[in-house]
2 protein chains.
Amino acid sequence: MNVDNAKSQMRKGMLDYCIMLLLNEKPYYTSDIIQRLKEANLLVVEGTLYPLLTRLKNDGVLSYEWQESTQGPPRKYYVLTDEGREALSQMDAAWNELESTIHMIKLRV
Amino acid sequence: MNVDNAKSQMRKGMLDYCIMLLLNEKPYYTSDIIQRLKEANLLVVEGTLYPLLTRLKNDGVLSYEWQESTQGPPRKYYVLTDEGREALSQMDAAWNELESTIHMIKLRV
DNA sequence: TATTAATACCTTGTATAACCTAGTACTGTA
DNA sequence: TACAGTACTAGGTTATACAAGGTATTAATA
């Protein structure tokens, strides 16, 4: 059995949630997000992140603001919209449900 | 944003893990598994489960034994192999890692 | 003995859609 | 001009999960 594949399948669909959790703290731009996720042991590359952020923006859960940078071109800082906060709370519920499912199976309840 | 889709994406890849957890208790046949997962709020249908069990068997993590039934045709009871138990412990680790990743992001550690 | 119902097993084809690879292009700075 | 830091995209790969249909065995009944 290819456990690495199993792991990557497990992570599937978590990225959206993780990014929304991050942006619930404060606005971040792409490199920030990659860095923060890396610190939490979630490796993500640009080619993954940009389309995902665009998708979330088109879904209405994110918006962005341009901000000047002291070293280089301006950056897009993404923020969670009101709709995003609402979606996030539903994602929280979904995550809790998933955790509880696993625990139920583990404990034979 | 379609939260239902997000939920189903989150669940992706969890089925393998859940089934291996179940079979770590004792042998089950297909209808048992569907029933047990249902009790844990994980709805699965036959068309999903059969190919999955076959895949896990071909991967060497499961094997099966035929058992007579008192009411109907014989059943295939699936059991976890030694290799399966080893894979399961790695899946446990992967799950714990995922949980910890989410918690790290939530707690801004 | 034939027929039907119930239970079990299984396969094919498709939707989904996430994710990654491998680039391009623009902007500011040295 | 060269370089580094941004932003972005087209195209391909991959695998899960499901819907829908088919086969085989047993039990019950006419």
Side-chain angles (χ1 to χ4, degrees), chain A residues 1-20 27-35 37-38 42-59 61-78 91 94 98 101, chain B residues 1-20 27-35 37-38 42-59 62-78 91 94 98:
Chain A
M1 181 184 203
N2 182 356
V3 178
D4 281 342
N5 176 50
K7 282 175 70 167
S8 80
Q9 289 302 325
M10 273 188 176
R11 284 176 24 171
K12 221 164 225 180
M14 292 298 169
L15 255 186
D16 290 28
Y17 182 43
C18 287
I19 286 163
M20 288 166 72
Y28 285 112
Y29 83 110
T30 321
S31 293
D32 283 340
I33 295 175
I34 290 175
Q35 186 56 35
L37 293 178
K38 194 176 175 185
L42 204 58
L43 296 181
V44 181
V45 295
E46 284 193 340
T48 301
L49 196 49
Y50 277 104
L52 193 155
L53 289 171
T54 303
R55 198 186 75 226
L56 291 179
K57 191 207 61 178
N58 291 339
D59 282 346
V61 298
L62 299 186
S63 62
Y64 61 80
E65 298 156 3
W66 286 100
Q67 279 188 29
E68 302 277 326
S69 166
T70 53
Q71 42 180 354
R75 302 163 173 176
K76 263 190 180 175
Y77 277 80
Y78 282 89
M91 304 274 277
L98 192 58
T101 292
Chain B
M1 182 183 204
N2 181 356
V3 178
D4 280 343
N5 178 49
K7 281 175 72 168
S8 80
Q9 289 303 323
M10 271 188 177
R11 283 176 22 171
K12 222 161 224 181
M14 291 300 168
L15 256 186
D16 290 29
Y17 181 42
C18 289
I19 286 163
M20 288 166 73
Y28 286 112
Y29 85 111
T30 321
S31 294
D32 283 339
I33 294 175
I34 290 175
Q35 187 56 36
L37 292 178
K38 195 177 175 184
L42 206 56
L43 295 181
V44 182
V45 295
E46 283 194 338
T48 301
L49 197 49
Y50 277 104
L52 191 156
L53 289 171
T54 303
R55 196 186 76 226
L56 291 179
K57 190 207 62 176
N58 291 338
D59 282 346
L62 299 186
S63 62
Y64 61 80
E65 299 157 3
W66 285 101
Q67 279 189 29
E68 303 277 328
S69 165
T70 53
Q71 42 181 353
R75 303 163 173 177
K76 264 189 181 176
Y77 277 80
Y78 282 89
M91 304 274 276
L98 192 58

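Note: hydrogens, waters and symmetry copies are ignored here, and every other heavy atom, side chains too, is used.
Dashed line: the shortest gap from a side-chain N or O of B/Asn5 to OP1 or OP2 of C/dA18 is under 4.0 Å. Of the side-chain N and O atoms in B/Thr48, none sit less than 4.0 angstrom from OP1 or OP2 of D/dT16. OP1 or OP2 of C/dA18 has at least one side-chain nitrogen or oxygen of A/Arg55 nearer than 4.0 Å. Using a 4.0 Å cut-off, some side-chain N or O of A/Ser31 falls inside it from OP1 or OP2 of D/dT6. Side-chain nitrogen and oxygen atoms of B/Tyr50 include none within less than 4.0 Å of the OP1 or OP2 phosphate oxygen of C/dT11. Look at B/Thr30 and you'll find a side-chain N or O under 4.0 angstrom from OP1 or OP2 of C/dC9.
Between A/Ser8 and A/Ser69, the residue anchored nearer the 5' end of DNA chain C, judged by the nucleotide with its closest heavy atom, is A/Ser8. If B/Asp16 and B/Gln71 are placed on DNA chain D by their nearest nucleotide, the residue sitting closer to the 5' end is B/Asp16. Comparing A/Pro73 and A/Gly13 along DNA chain C, the residue whose closest nucleotide (by nearest heavy atom) sits nearer the 5' end is A/Gly13. Comparing A/Gly47 and B/Gly72 by the nucleotide of DNA chain D whose heavy atom lies nearest to each, the residue mapping closer to the 5' end is A/Gly47.
Remark: P of D/dA27 and CD of B/Glu68 are 9 Å apart, rounded to the nearest angstrom. The nearest whole Å value for the distance from the CD1 atom in A/Ile33 to the C1' atom in D/dT6 is 13 Å. In this structure, A/Ile34 places its CD1 atom 14 Å from P of C/dC19, rounding to the nearest Å. Rounded to a whole Å, the CG atom of A/Leu53 is 12 Å from the P atom of C/dC19. Rounded to whole angstrom, the span from the CD atom of B/Gln67 across to the P atom of C/dA8 amounts to 13 Å. Atom CG in B/Leu52 sits roughly 16 Å away from atom C1' in D/dA19 (whole-Å rounding). Distance, A/Arg11 CZ to C/dA18 C1': 12 Å, rounded to whole Å. Note: CG (A/Leu42) to P (C/dC19) measures 9 Å, nearest angstrom.
Within 4.0 Å (heavy atoms only), A/Glu46 reaches at least one base atom of the nucleic acid.
Taking the centre and axis of the six-membered ring of B/Tyr64, the NZ or CZ atom of B/Lys76 falls inside the cone set by 45° and 6.0 Å.
Of the candidate nucleotides C/dT16, C/dC9, D/dA7, D/dA7 has the atom nearest to the side chain of A/Trp66. When distances are taken from the side chain of A/Val45 to each of C/dC9, C/dT21, D/dT25, the shortest belongs to C/dT21. Out of C/dC10, C/dC19, D/dA17, the shortest distance to the side chain of B/Tyr78 is found at C/dC10. Taking the side chain of B/Pro51 as heavy atoms from C-beta on, and the options C/dC9, C/dT11, C/dC19, the nearest nucleotide is C/dT11.
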request  = Walk me through it: do A/Tyr28 and A/Ile19 pass the test side chain to side chain contact (heavy atoms under 4.5 Å, CB included)?
outcome  = CA-CA 10 Å; A/Tyr28 285 112; A/Ile19 286 163; over 6 Å; no
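Between B/Leu15 and the choices B/Ile33, B/Leu49, B/Leu37, the side-chain contact (heavy atoms from CB on, under 4.5 Å) rule is met once, by B/Leu37.
Within a 6.0 Å sphere centred on NZ of B/Lys57, heavy atoms belonging to other residues, nucleotides or ligands number more than 12.
Remark: A/Arg55 engages A/Asp16 in a salt bridge, criterion side-chain N to carboxylate O under 4.0 Å.
When all heavy atoms are compared, the tightest approach of B/Gly13 to A/Gln9 is CA-CB, 3.9 Å.
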